[in-house]
Amino acid sequence: MITMGKSRDKVTVQTPFGTLRLAKKDVGEFRKTVVELQRTTDALIRRDMGDWRRAWQLAINVENPNRRPLYDIYRDVDIDLHLSGCIQQREGFVLARSFKLTDENEEEDGEAVKYFNTAWFKQLMKYCLEANYWGHSLIELGDITTDINGRMTYDGVRLIPRKHVIPEYGRIITDLGQDWRCGLEYRKPPLSGWYIEAGQPESLGLYLKAATQTIPKKNALAFWDTFAEIFGMPLRIARTTTRDDKELAKMERMMSEMGTEGWGIFQEGTNIEVVESSKGDAFNVYDRRIDRANSELSKLVIGQTMTIEDGSSLSQSETHLKVFENIIESDCDTVRDIVNNQLLPIMVRHGFPLEGVRFDWDYSEDYTPEQQVAYERLVLDNFEVKPAYFEKKYNMPVGERRQQVPVLAPTDPDGGDEAPKGNKTPKSDKKKRQEQSERPFFD
């Protein structure tokens, strides 16, 4: 517990670690440090389905919503290996996609793109995508500075600790346990000019559903480890006829200290028996349950299973891939709306020269090489294309387009359209070809 008292020039703070005397200008920084300390002291305890249901009930409380217990469960959900692979696959397709910025005339603005080809923007997109799973993300823009080229930029972005955000009422509480009515309103000035909000206020994210599979999965893994510990190693039994307590204690100590060693020293009359376990159904009991949990998590995050697990046929994999692409497009639309409706207006107010600029994804650069060749051939066959396009795209000099010489079909020497039958060639055709071969190649 932390209590604060005021003197003339100092502020006295009582902490579990002693009494601190702070200058008034340092009080705000100390409060920020306390929040950071509370984040690092989250309790990592085992959760079960009862904890999940109680945490869900607290999170949907209308008068006093409390997501802290639910976020503790989400922390355990977040470390599931299979779920992490699904999320990385889904986020990776969005983060790797090319984007562009266009002006009011729908022309690409190459100078505006330079303001977004930065580390802080990529991190902001990642925080926005994480809102799909946690339910909500509140992102704080860093201080305005300049890069090595003298261009305006932010020195980074920071995710406000989710336990300190009450999205239902748009408040930030400075201390855990504080009533949300005493929190800071981040949807109104001056805080609204520095915060980006991702996710719906009432959403609890996909981790709420994922917990129904990750919690039993962790239990199944723990039970399987216990099964292996009990039945995986052969049981060793020592039989002796001695009744001396000292000898029995000595034998007990030797049996416990044998470990993986295959020998021991015992007195005469002692028999060692190794009993193999006959239990062999652990695979069907535990591994099948873990596989079912993984398949359910795949369906939840990426909508199908075949892009991350083994597939059975090409037609099914193409159908599953189409479902996955639809989810990726939905995530791309979400990021685009956040940038256009929240980030760009804030950047314009901060003085960035981005008035009238719009963010969009550049689908033209996401084609496969075969698709790109087919599209370019289609355009070339129907329209005139400036050589500068190919010079810029392929970094090679391109001259004027070469005229195609039509190939003439062989004709009948008597004036007909058909060529003579058989392998005989008329003398007139031989004479014409001979004359053409005698002409210089470069006229």
(Q) Do Trp120 and Thr153 pair up side chain to side chain, a donor and an acceptor below 3.5 Å, judged on atom types alone? (A) yes
Q. Does a side-chain N-to-carboxylate-O contact under 4.0 Å join Glu355 and Arg349?
A. no
Q: Classify the ring geometry between Tyr186 and Tyr195 as parallel (under 30°), tilted (30 to 60°) or perpendicular (over 60°).
A: tilted
Q. Do you see a donor-acceptor pair shorter than 3.5 Å between the side chains of His136 and Ser203?
A. no
Q) Between Asp80 and Lys217, does a salt bridge (Lys or Arg N to Asp or Glu O under 4.0 Å) hold up when you go through it step by step? A) CA-CA 9 Å; Asp80 185 89; Lys217 178 183 174 181; 3.2 Å; yes
Q. Can you tell me how far the NZ atom of Lys126 sits from the CG atom of Leu95, to the nearest 0.5 Å?
A. 6.5 Å
Q: Give a yes or no on this: more than 12 heavy atoms of other residues, nucleotides or ligands lie within 6.0 Å of atom CD of Gln178.
A: yes
Q | Heavy-atom closest pair, residues Arg67 and Ala59 | A | CG-CB, 4.2 Å
Q.
If you apply the rule side chain to side chain contact (heavy atoms under 4.5 Å, CB included), what do you find for Ile173 with Asp179, and how did you get there?
A. CA-CA 8 Å; Ile173 56 176; Asp179 189 271; over 6 Å; no
Q) Atom CZ in Arg171, atom CD1 in Ile166: separation rounded to 0.5 Å? A) 10.0 Å
Q: State the CD1-OG1 distance between Ile144 and Thr146, to the nearest 0.5 angstrom.
A: 11.0 Å
Q) Between Lys163 and Asp72, is there a salt bridge with N-O shorter than 4.0 Å? A) yes
Q.
Given 3.5 Å as the limit, does a donor-acceptor pair link the side chain of Ser137 with the main chain of Tyr127, or not?
A. yes
Q. Would Tyr207 and Asp78 satisfy side-chain hydrogen bond (donor to acceptor under 3.5 Å, both in side chains), going step by step from the backbone distance to the final call?
A. CA-CA 8 Å; Tyr207 279 172; Asp78 190 53; 2.6 Å; yes
Going by atom type alone, with no hydrogens or angles, which donor-acceptor pairs under 3.5 Å involve a side-chain atom of residues 338-347 and a protein atom two or more places apart or on another chain?
residue	atom	partner	partner atom	Å
Asn340	OD1	Phe359	N	2.8
Asn340	ND2	Arg336	O	3.2
Asn340	ND2	Phe359	O	3.1
Asn341	ND2	Asp337	O	3.2
Gln342	OE1	Glu197	N	2.9
Gln342	NE2	Glu197	O	2.9

Q.
Could you measure the distance from the CG atom of Asn294 to the CG atom of Leu81? Nearest 0.5 Å is fine.
A. 9.0 Å
**Q.** Shortest non-hydrogen contact between Asn66 and Pro69, atoms and distance
**A.** OD1-CD, 3.7 Å
(Q) Looking at Lys100 and Glu107, is there a salt bridge between them, counting it only when a charged N and a carboxylate O are closer than 4.0 Å? (A) no
Q) When you look at CZ of Arg151, are more than 12 heavy atoms from neighbouring residues, nucleotides or ligands closer to it than 6.0 Å? A) yes
Q. Got a second to check how far Ile302's CD1 is from Arg90's CZ, nearest 0.5 Å?
A. 9.5 Å
Q: Determine, step by step, whether Trp56 and Asp51 satisfy the side chain to side chain contact (heavy atoms under 4.5 Å, CB included) criterion, reporting the C-alpha distance in whole Å, the side-chain angles of both residues, the deciding distance to 0.1 Å, and the verdict.
A: CA-CA 9 Å; Trp56 185 10; Asp51 297 327; over 6 Å; no
**Q.** Close side-chain approach of Pro65 to Glu168, heavy-atom, < 4.5 Å
**A.** yes
